[in-house]
Amino acid sequence: MTAPVFVVETFDAGRGGQYVLDGPEGRHAVSVKRLQPGEEVVLTDGAGRWAEGEVVATEGKDRLIVRLTSVAEEPPESPRITVVQALPKGDRGEVAVETMTEVGVDAIVPWQAARCITQWKGDRGLKALGKWRATAREAGKQSRRVRFPEVADAATSKQVAALLAEADFAAVLHESGDTPLATAELPAEGEIVLVVGPEGGVSPEELALFEEAGARAYVLGRTVLRTSTAGTVAAALLLGRTGRWS
């Protein structure tokens, strides 16, 4: 079993290299995980910096005393994989974010596609975005990542097109594609951007806009996957083919 991961803002340890993990993370470590002296933990800022540590003691219900080793930096992965995820219905958005985080996606862009039933407007949209970001953080911890995926602000179709125009490989999962994603020629480094449409599909106007930006339509397989599943499956395929899972 790998060491549990906890998120911290700084790695400043006191005398003797001892770090006090308190607040919500400390409470989770002490009262939920019930960590004991001698057990190992990993502290991270979620942006690539991390440190291994050994539990020295607990204090009360929310303070974990940890002896840290040196702080390390995990470099960004290459090629970087961004998934543009159309907004699904209900809680399927959080499911998509959770599983994409677990497989190793580097960035997630919520997309307000024309055929999305779900609409992110005003406070409701801010609350939904907050849930996506919290899900990415928790899934990052659960999957023992030290560099969590970035969850961007919700994007319009024009903003997605601009993102695709700057990518080294730009793909839209769409039934009109005549090439399987499994056989696409992928870059060894740089930026890969993958667009996953809503339940109602990518509209012809959106597809034309994305193709004008340099994207190409690809098919994932013979079956039709839910929008909340397709991004995870496609990302896993790309991670394997680019060597990031080697």
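Along the sequence shown, residues are numbered consecutively beginning with 1. Just so it is clear, the model here is predicted, and its values are computed rather than measured.
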Neighbour count above 12 (heavy atom, 6.0 Å) for [X] [atom1]:
X	atom1	result
Glu73	CD	yes
Glu74	CD	yes
Arg226	CZ	no
Arg241	CZ	yes

* How far apart are the C-alpha atoms of Arg216 and Thr179, what are their side-chain angles, what is the distance that settles it, and do they pass the side chain to side chain donor-acceptor pair (under 3.5 Å) test? -> CA-CA 9 Å; Arg216 181 176 174 181; Thr179 303; 2.7 Å; yes
Side-chain contact, heavy-atom cut-off 4.5 Å: Asp62 with Ser31?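 A side-chain contact under 4.5 Å is absent here.
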Decide yes or no for Val84 and Leu163: does some side-chain heavy atom of the first lie under 4.5 Å from some side-chain heavy atom of the second?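 Answer yes - side chains close enough.
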- request: Show your reasoning for whether salt bridge (Lys or Arg N to Asp or Glu O under 4.0 Å) applies to Lys141 and Glu25.
  value: CA-CA 11 Å; Lys141 290 165 56 178; Glu25 292 290 89; 2.8 Å; yes
Same cluster for [X] and [Y] if Ile/Leu/Val/Met/Phe/Trp/Tyr side chains link at under 4.5 Å?
X	Y	answer
Trp50	Phe148	no
Leu21	Ile65	no
Leu35	Val5	no
Leu173	Leu238	yes
Val8	Val55	yes

Which label fits Tyr218 and Phe169: parallel for a plane angle under 30°, tilted from 30 to 60°, or perpendicular past 60°?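 It falls in the tilted class, 30° to 60°.
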| Audit row: Asp168, Arg80, salt bridge (Lys or Arg N to Asp or Glu O under 4.0 Å) steps and yes/no | CA-CA 10 Å; Asp168 296 283; Arg80 175 181 164 89; over 6 Å; no
Please determine whether a side-chain nitrogen of the Lys or Arg among Glu102 and Arg144 lies less than 4.0 Å from a carboxylate oxygen of the Asp or Glu.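 So Glu102 does not pair with Arg144 through a salt bridge.
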Is it true that Arg244 and Asp106 have a side-chain N and a carboxylate O under 4.0 angstrom from each other?
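The answer is yes: the pair qualifies as a salt bridge.
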Gap separating the [atom1] atom of [X] from the [atom2] atom of [Y], nearest 0.5 angstrom:
X	Y	atom1	atom2	result
Glu211	Ser176	CD	OG	6.0 Å
Leu194	Ile108	CG	CD1	11.5 Å
Ser203	His174	OG	NE2	8.0 Å
Met100	Thr229	CE	OG1	10.0 Å
Glu59	Lys61	CD	NZ	15.0 Å
Arg63	Asp22	CZ	CG	5.5 Å

Exercise for the section: Go through His28 and Lys33 one step at a time and tell me if the side-chain contact (heavy atoms from CB on, under 4.5 Å) criterion holds. Expected result: CA-CA 6 Å; His28 185 73; Lys33 301 292 289 186; 3.7 Å; yes
**Study point:** For Leu68 against Phe11, the heavy-atom pair lying closest together
**Key:**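 That closest heavy-atom pairing would be CD1-O, 4.0 Å.
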message: Consider side-chain contact (heavy atoms from CB on, under 4.5 Å). Of Val196, Val97, Val105, which one does Gln85 pass it with?
response: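 Among Val196, Val97, Val105, the one meeting side-chain contact (heavy atoms from CB on, under 4.5 Å) with Gln85 is Val196.
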ring-ring contact (aromatic ring centres under 6.0 Å, His included) between Trp132 and Trp120, worked out: CA-CA 12 Å; Trp132 279 37; Trp120 281 10; 5.0 Å; yes
